[in-house]
Amino acid sequence: MMKNLSRAAILGLAMTTALVSVAEAQGVLTIGRREDSSTFDPIATAQNIDFWVFSNVFDVLVRVDNAGQTLLPGLAESWEVSDDALTYTFHLRDAKFSDGSPVTSEDAAYSLTRIRDSELSLWSDSYKIIKDMQTPDARTLVITLDGPSAPFLSTLAMPGASIISKAAMEGMGEEAFAEKPVGSGAFTVDEWRRGDRVILKKNPNYWDAANVSLDGVEWISMPDDNTRMLAVQAGELDAAIYVPFSRVEELKKDANLNVVVDPSTREDHLLMNQEHAPLDNVKVREAIDYAIDKKAIVDTVTFGIGEVANSYIPKGALYHSDDNGARDFDPEKAKTLLAEAAVGDISLDYVVNAGNEVDEQIAVLLQQQLGNVGITLNLQKMDPSQTWDMLINGDYDLSVMYWTNDILDPDQKTTFVLGHDVNMNYMTRYQNDEVKQLVADARLVMDAAKREAMYAQIQKLAKADVHWIDLYYSPYISVTRKGVENFGQNPLGRFFLEETKKTY
């Protein structure tokens, strides 16, 4: 749609739609992003559009540092682990929720019980290891596990495990809380204009409020990449995320802007709905994998910035293995496998995020590449706010999605995409009981070398099954106006907006 508009028309649109804002006031940072938020209930989402806002609205017991390497105190200022690795004792700092009420060990226990037991939770499997929780006093939480758990501390740093106010949740109800939550982070939700923006204000009750520079943050939904970049260039936005690869060099030349490139755990992949024939046939899935030229996608779509992916565990992340049976580009092999599968003509519905330049480019490339081996792709361009529900409901055959790790340990992503029932293994409907058991077993092994061997086997089995198709790894790329300082993400995606400054 935007391709037929002039640059001036697009710029005018950017300046008049959704950008008239109180954010022109000093100290309020405006950030353009693609999608709107979906919820403010931490346990009920797996989307970065939610988690990246959660991280500055809620707080967690344990945090990940800016480098994405180590765990640091969050709401828990210290903790001890018993010699048998079954009992964790957390000592909470003197902190308050945004409504001024104290953060207590009862709130922490309540929050972890919800993520473990609630029907709304998308993350329950990772917290079933919690056997019991005791609150001997308001600032001490004692957690007892069913068995040793290597990733346990890391899971407590996940945004879904944010500590919420028990009184607020029970008093407001889950639906109302999910619209306007009570949190303990650096900012609080002032207003959520659905389809437009989330308006955050500095939380005066935040335990480290004295060191927060910004008065507020507005996360503004602008699905079209081009419009979002032009808005930053025009000074109508202070910052924007999801910078298209094609615009990086141009934006770097703009003296008014800073392009921020941060190491990430992002991995883009092709989801396949394995409940839909013929995608339930492993030979068909293998054929699709062989038919895709990942290097061509990296060169064309990412302008060489990305790197071909060979595993769902990104390079540089814990227990990544290159020895996993990744398939090379081989269209003739793809044709042979399709002939062996004997499933006849294949026509698949491919859901594409409209307005997402990269998604649209990948879709065209995949349509051509799969067409070369006799597979027809029907591209369905949908508003990004609709595609997530389509995946959940199974209303798709193929769709490109991406994942960024939310914890340092590989257990979370592995559980979510290979060993999980609740979310249908990240909407692929993939099922392999051997893999699921390995995922569960690896969680309990404390010996690092043994865990690494188990994850090597998991990666081989998943690749053999073609649970999805790994496409590429890439960094986070954002852009800011000059005068915005300390803006960026750690490899898990967290924005440290409590450290960001705006000097104009």
Donor-acceptor pair between D349 and N378 side chains, under 3.5 angstrom = yes
Does NZ in K128 sit with more than 12 non-hydrogen atoms of other residues, nucleotides or ligands closer than 6.0 Å?
-> yes
When you check the side-chain N and O atoms of D132 and T144, is any donor under 3.5 Å from an acceptor?
-> no
Flag side-chain contact, heavy atom, 4.5 Å: R34 against P384 | no
For D397 and S347, the nearest pair of non-hydrogen atoms, with its separation, is OD2-O, 4.4 Å
Could you tell me whether E218 and R193 have a side-chain N and a carboxylate O separated by less than 4.0 Å?
-> no
Can you find a side-chain donor-acceptor pair between S385 and D383 that sits under 3.5 Å?
-> yes
Does the side chain of M229 reach to within under 4.5 Å of the side chain of V479, using non-hydrogen atoms?
-> yes
Taking only residues two or more places apart in sequence, or in another chain, which ones meet D280 in a salt bridge (charged side-chain N to carboxylate O under 4.0 Å, His left out)?
-> none
Report the distance from atom CG of L279 to atom CD1 of I346, rounding to the nearest 0.5 Å.
-> 7.5 Å
Residue pair K283, E286: steps toward the salt bridge (charged side-chain N to carboxylate O under 4.0 Å, His left out) verdict = CA-CA 5 Å; K283 287 189 175 182; E286 281 189 270; over 6 Å; no
Under the side-chain contact (heavy atoms from CB on, under 4.5 Å) rule, what do M382 and V352 come out as? Steps first, then yes or no, please.
-> CA-CA 6 Å; M382 308 296 297; V352 186; over 6 Å; no
Would T414 and Y312 count as having a side-chain donor-acceptor pair, cut-off 3.5 Å?
-> yes
W52: which of F496, Y476, F58 passes ring pair (Phe, Tyr, Trp, His ring centres under 6.0 Å) = Y476
Closest contact, heavy atoms only, I313 versus P410 = CD1-CB, 4.1 Å
Taking atom types as modelled, find out whether E267 and H269 have a side-chain donor-acceptor pair closer than 3.5 angstrom.
-> yes
D465-Y430 side chain donor-acceptor pair, cut-off 3.5 Å = yes
Can you tell me how far CG of N310 sits from CZ of R327, rounded to the nearest 0.5 angstrom?
-> 12.0 Å
Pair D411-T415, side-chain donor/acceptor within less than 3.5 Å | yes
List the atom of P181, the atom of V57, and the distance in Å for their closest heavy-atom pair.
-> CG-CG1, 4.3 Å
All heavy atoms of P278 vs all of L348, minimum pair found to be CD-CD2, 4.2 Å
Test of ring centre spacing under 6.0 Å for F329 and Y290 | no
Donor + acceptor pair across side chains of Q412, D406 (<3.5 Å) = yes
Minimal heavy-atom distance between S111 and I164, with the atoms involved, is OG-N, 2.8 Å
What residue among D65, N66, D59 forms side-chain hydrogen bond (donor to acceptor under 3.5 Å, both in side chains) with R63?
-> D59
Take atom CG in D345; do more than 12 heavy atoms of anything else shown fall under 6.0 Å from it?
-> no
Would the number of heavy atoms belonging to other residues, nucleotides or ligands and lying under 6.0 Å from CG of D433 be above 12?
-> no
Within 45° of the six-membered ring axis of Y455 and under 6.0 Å from that ring's centre, is NZ or CZ of R451 located there?
-> no
Under a 4.0 Å N-O cut-off, is there an ion pair linking E119 with R114?
-> no
Salt-bridged, D470 to K463, with N to O below 4.0 Å?
-> yes
What distance separates F152 CZ from D409 CG, expressed to the nearest 0.5 Å?
-> 12.5 Å
Whether N273 side chain and L398 backbone form a donor-acceptor pair below 3.5 Å | no
Under a 4.5 Å cut-off applied to non-hydrogen side-chain atoms, are F54 and M158 in contact?
-> no
Distance-only donor-acceptor check, side chains R247 and N226, under 3.5 Å = yes
Does one side chain, of D36 or W192, offer a donor that lies under 3.5 Å from an acceptor on the other?
-> yes
Sub-4.5 Å side-chain heavy-atom contact between F487 and S478 = yes
Validation row: S264, P491 side chains within 4.5 angstrom (heavy atoms) | no
Contact check, side chains of K335 and L338, non-hydrogen atoms, under 4.5 Å = no
Check whether any side-chain heavy atom of V439 sits under 4.5 Å from a side-chain heavy atom of R443, and report yes or no.
-> yes
In Å and rounded to the nearest 0.5 Å, what is the OG to CG distance from S311 to D322?
-> 8.5 Å
Could you give the distance from CD (E275) to CD (Q431), rounded to the nearest 0.5 Å?
-> 8.5 Å
Measure up the W123 and F416 rings against each other and bin them: parallel (under 30°), tilted (30 to 60°), perpendicular (over 60°).
-> parallel
Roughly how far apart are D262 CG and N490 CG, rounded to 0.5 Å?
-> 8.5 Å
In terms of heavy-atom contacts, F245 and S474 come closest through CZ-CB, 3.8 Å
From the list D328, D268, D289, salt bridge (Lys or Arg N to Asp or Glu O under 4.0 Å) with K294 holds only for D289
Check: V62 and L71 side chains under 4.5 Å, non-hydrogen atoms | yes
